[in-house]
Amino acid sequence: MDDTLLDIRNLKTYFYLDEGEVRAVDDVTVRIDRGKVLGVVGESGCGKSVLARSIMRIVRPPGRTVDGEIIYHRPTQNGDGGYEEIDLQQLPQDGDVMRRIRGADITMVFQEPMVSFSPVHTVGDQIVEGILLHQEVTKEEAREIAADTLRKVGIPNPEQRVDSYPFNLSGGMRQRAMIAMALSSSPSLLIADEPTTALDVTTQAQILELMASLQRELGMAMMLITHNLGVVAQMAEEIIVMYLGKIVERADTATLFRDPKHPYTQELLKSIPQMRRERQTTRLTAISGTVPPPFIRPPGCPFHPRCPQALPGVCDVQMPQTLEVEEGHSVRCLLYENDANTVATGTGAIERN
């Protein structure tokens, strides 16, 4: 347990709209270890960002976390090398303890820095504000820390850039500044929500290389949220796949790419372009249909309307439970349950006689 940084148990975050109840995060259980990178993948609307906001306790009405635990294993204040358990879900959302943890111990890089930064304050002022809130330093010292952090993330002339407004910076520079803000207090966990959105491929590669090197240098844990499986293959040690608010598969990166179990994971992997010497003559595989509206959930397995391996009368009726198919590899799929009358394989299901 000393390796555990964050232990999320049966977390449920719902939104109550006029159209109905949206189960954005529905009974999610996952553990994040110290110094490790956890990848969270899935299509848009699968609950990845709401999971991150639930951890940060920044979900606003009409949404709220209705059940579950978020156990943060924080080093004890007396310096004896031990850890104390704090259930973030039990803390007041805007209370002093949660505000000290949010932005210092657990920080977040949001999807679009142009929207996340205040356009009327300089980048330096916004970084300095967080430093002053979480560290006992003077304003001059905070400015020096801000400039040093900007230098660390690869921004040239940080002493001048600290006085720039967000609109003075390019997209890549803004994203680097957002990472600098998140790292300014040396967090234990960095949540990166689509950190390369709207960036060109070259800048994406630079940002990912920067985050990987900083993660190794600082020894922090990272939760990397993306719909790009190529990104998590490069950076994450473990991956969870989400669909309609639920974790449908969890495994270490090598196992997930070598032997995906859930049909949704298999279809996602088939859609990745591959580098080949010969000319590509076939179209890329696309998952049929779209993610259904979250307030109109299909009965049974949420993925069955789009699943090429769905069993009529089974998948559209029964809700699958999470099963451990091998050590460290779990899947939520009826193809792997004994009472589903099937033998599971890597590419499909074969009926028993």
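Looking only at side-chain heavy atoms (C-beta outward), Q318 and V314 come within less than 4.5 Å of each other. Considering only heavy atoms from C-beta on, R100 comes within 4.5 Å of V97 through its side chain. Taking the side chain as every heavy atom from C-beta outward, P195 and I179 never approach each other to under 4.5 Å. Side-chain atoms of P292 and P298, non-hydrogen and from C-beta on, do get closer than 4.5 Å to each other. Contact of the L150 side chain with the I127 side chain is registered, since non-hydrogen atoms from C-beta on lie closer than 4.5 Å. Between L190 and M211 there is a side-chain heavy-atom pair separated by less than 4.5 Å. Taking the side chain as every heavy atom from C-beta outward, L335 and L311 approach each other to under 4.5 Å. Counting heavy atoms from C-beta outward, T122 and V162 have side chains that stay 4.5 Å or more apart.
Sorted by first and then second residue, the salt bridge (charged side-chain N to carboxylate O under 4.0 Å, His left out) pairs with a member in residues 304-318 read E43-R306; sequence neighbours excluded. For residues 122-132, no residue pair satisfies the salt bridge (charged side-chain N to carboxylate O under 4.0 Å, His left out) rule, not counting sequence neighbours. Residue pairs meeting the side chain to side chain donor-acceptor pair (under 3.5 Å) criterion with at least one partner in residues 213-233, sequence neighbours excluded, are E194-H227.
Closest heavy-atom contact between A52 and I191: CB-CG2, 3.6 Å. C46 and V291 get closest at one heavy-atom pair: SG-CG2, 4.3 Å. For A236 against G39, the heavy-atom pair with the smallest separation is CB-N, 3.6 Å. Minimum interatomic distance between I32 and L38 (heavy atoms only, all atoms of both residues): CG1-CD2, 3.8 Å. Closest heavy-atom contact between G63 and F15: CA-CD2, 3.4 Å.
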Going through the checks in order, is the salt bridge (charged side-chain N to carboxylate O under 4.0 Å, His left out) test met by D105 and R34?
-> CA-CA 12 Å; D105 296 355; R34 300 180 189 279; over 6 Å; no

Stepwise side-chain contact (heavy atoms from CB on, under 4.5 Å) check, H304 with L334: CA-CA 10 Å; H304 88 263; L334 291 168; over 6 Å; no

**Request:** Please step through side-chain contact (heavy atoms from CB on, under 4.5 Å) for the pair Q135 and I145, ending with a clear verdict.
**Result:** CA-CA 11 Å; Q135 301 181 43; I145 294 173; 3.8 Å; yes

I'd like to know whether H73 forms a side-chain contact (heavy atoms from CB on, under 4.5 Å) with D7, so could you lay out the CA-CA distance, the side-chain angles of the two residues, the decisive distance to 0.1 Å, and finally the verdict. CA-CA 8 Å; H73 296 253; D7 196 3; 4.1 Å; yes

Quiz item: Yes or no on side-chain contact (heavy atoms from CB on, under 4.5 Å) for V331 and V248, after CA distance, side-chain angles and deciding distance?
Solution: CA-CA 6 Å; V331 63; V248 296; over 6 Å; no

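Judged purely by atom type and a 3.5 angstrom limit, Q89 has no side-chain atom pairing as donor or acceptor with the backbone of E69. Here the side chain of R297 pairs a donor or acceptor atom with the backbone of L244 at under 3.5 angstrom. Looking at Q175, its side chain never comes within 3.5 Å of a backbone N or O of Q204 through a donor-acceptor pair. Judged by distance alone, with hydrogens and angles left aside, the side-chain atoms of R332 form a donor-acceptor pair with the main-chain N or O of P320 at under 3.5 Å. K48 contributes a side-chain N or O that, together with a main-chain N or O of G42, makes up a donor-acceptor pair within less than 3.5 Å. The closest donor-acceptor contact from the side chain of R74 to the backbone of I86 lies at 3.5 Å or more, if one exists at all.
In this structure A205 satisfies the side-chain contact (heavy atoms from CB on, under 4.5 Å) test with no other residue, sequence neighbours excluded. Residues satisfying the side-chain contact (heavy atoms from CB on, under 4.5 Å) test with E324, not counting sequence neighbours, are R250, S330. Considering only residues two or more places apart in sequence or on other chains, A251 meets the side-chain contact (heavy atoms from CB on, under 4.5 Å) condition with T255, L256, H329. The ring-ring contact (aromatic ring centres under 6.0 Å, His included) check on Y165 picks up F167, with sequence neighbours excluded. With sequence neighbours excluded, no residue satisfies salt bridge (Lys or Arg N to Asp or Glu O under 4.0 Å) with E141. Y72 is linked by a ring-ring contact (aromatic ring centres under 6.0 Å, His included) to nothing, counting only residues two or more places apart in sequence or in another chain. Residues passing the side chain to side chain donor-acceptor pair (under 3.5 Å) test with Q126, sequence neighbours excluded: none.
Taking Ile, Leu, Val, Met, Phe, Trp and Tyr as hydrophobic and joining them when side-chain heavy atoms fall under 4.5 Å apart, one finds V66 in a cluster with Y14, Y16. The hydrophobic cluster of V120 has no other members, since no ILVMFWY side-chain heavy atom comes under 4.5 Å of it.
For the atom pair CG of L229 and CZ of F257, the computed distance is 5.0 Å after rounding to the nearest 0.5 Å. Here D193 contributes atom CG and M108 contributes atom CE; the two are 4.5 Å apart, rounded to the nearest 0.5 Å. To the nearest 0.5 Å, the span separating CG on L169 from OG on S164 amounts to 5.5 Å. Put simply, OG1 on T107 and CE on M56 are 6.5 Å apart, with the number rounded to the nearest 0.5 Å. Interatomic distance, CG of L183 versus OG1 of T149, reported as 7.5 Å (0.5 Å rounding). Note: I70 CD1 to L51 CG = 8.5 Å, rounded to the nearest 0.5 Å.
By the 30° and 60° cut-offs, the orientation of the rings of F303 relative to H262 is tilted.
Ion pairing between R151 and D148 holds under the 4.0 Å rule for side-chain N and carboxylate O. Ionic pairing of R258 and D252 is not present here: no N-O contact between side-chain nitrogen and carboxylate oxygen is shorter than 4.0 angstrom. Under the 4.0 Å criterion applied to side-chain N and carboxylate O atoms, D87 and R57 are not assigned as salt-bridge partners. Using a cut-off of 4.0 Å between Lys/Arg side-chain N and Asp/Glu carboxylate O, R143 and E140 are scored as not salt-bridged.
Counting heavy-atom neighbours within 6.0 Å of E326 CD, excluding the residue itself, gives a total above 12.
Of the listed residues (K261, Q309, E249), just one forms a side-chain hydrogen bond (donor to acceptor under 3.5 Å, both in side chains) with Q266, and that residue is Q309.
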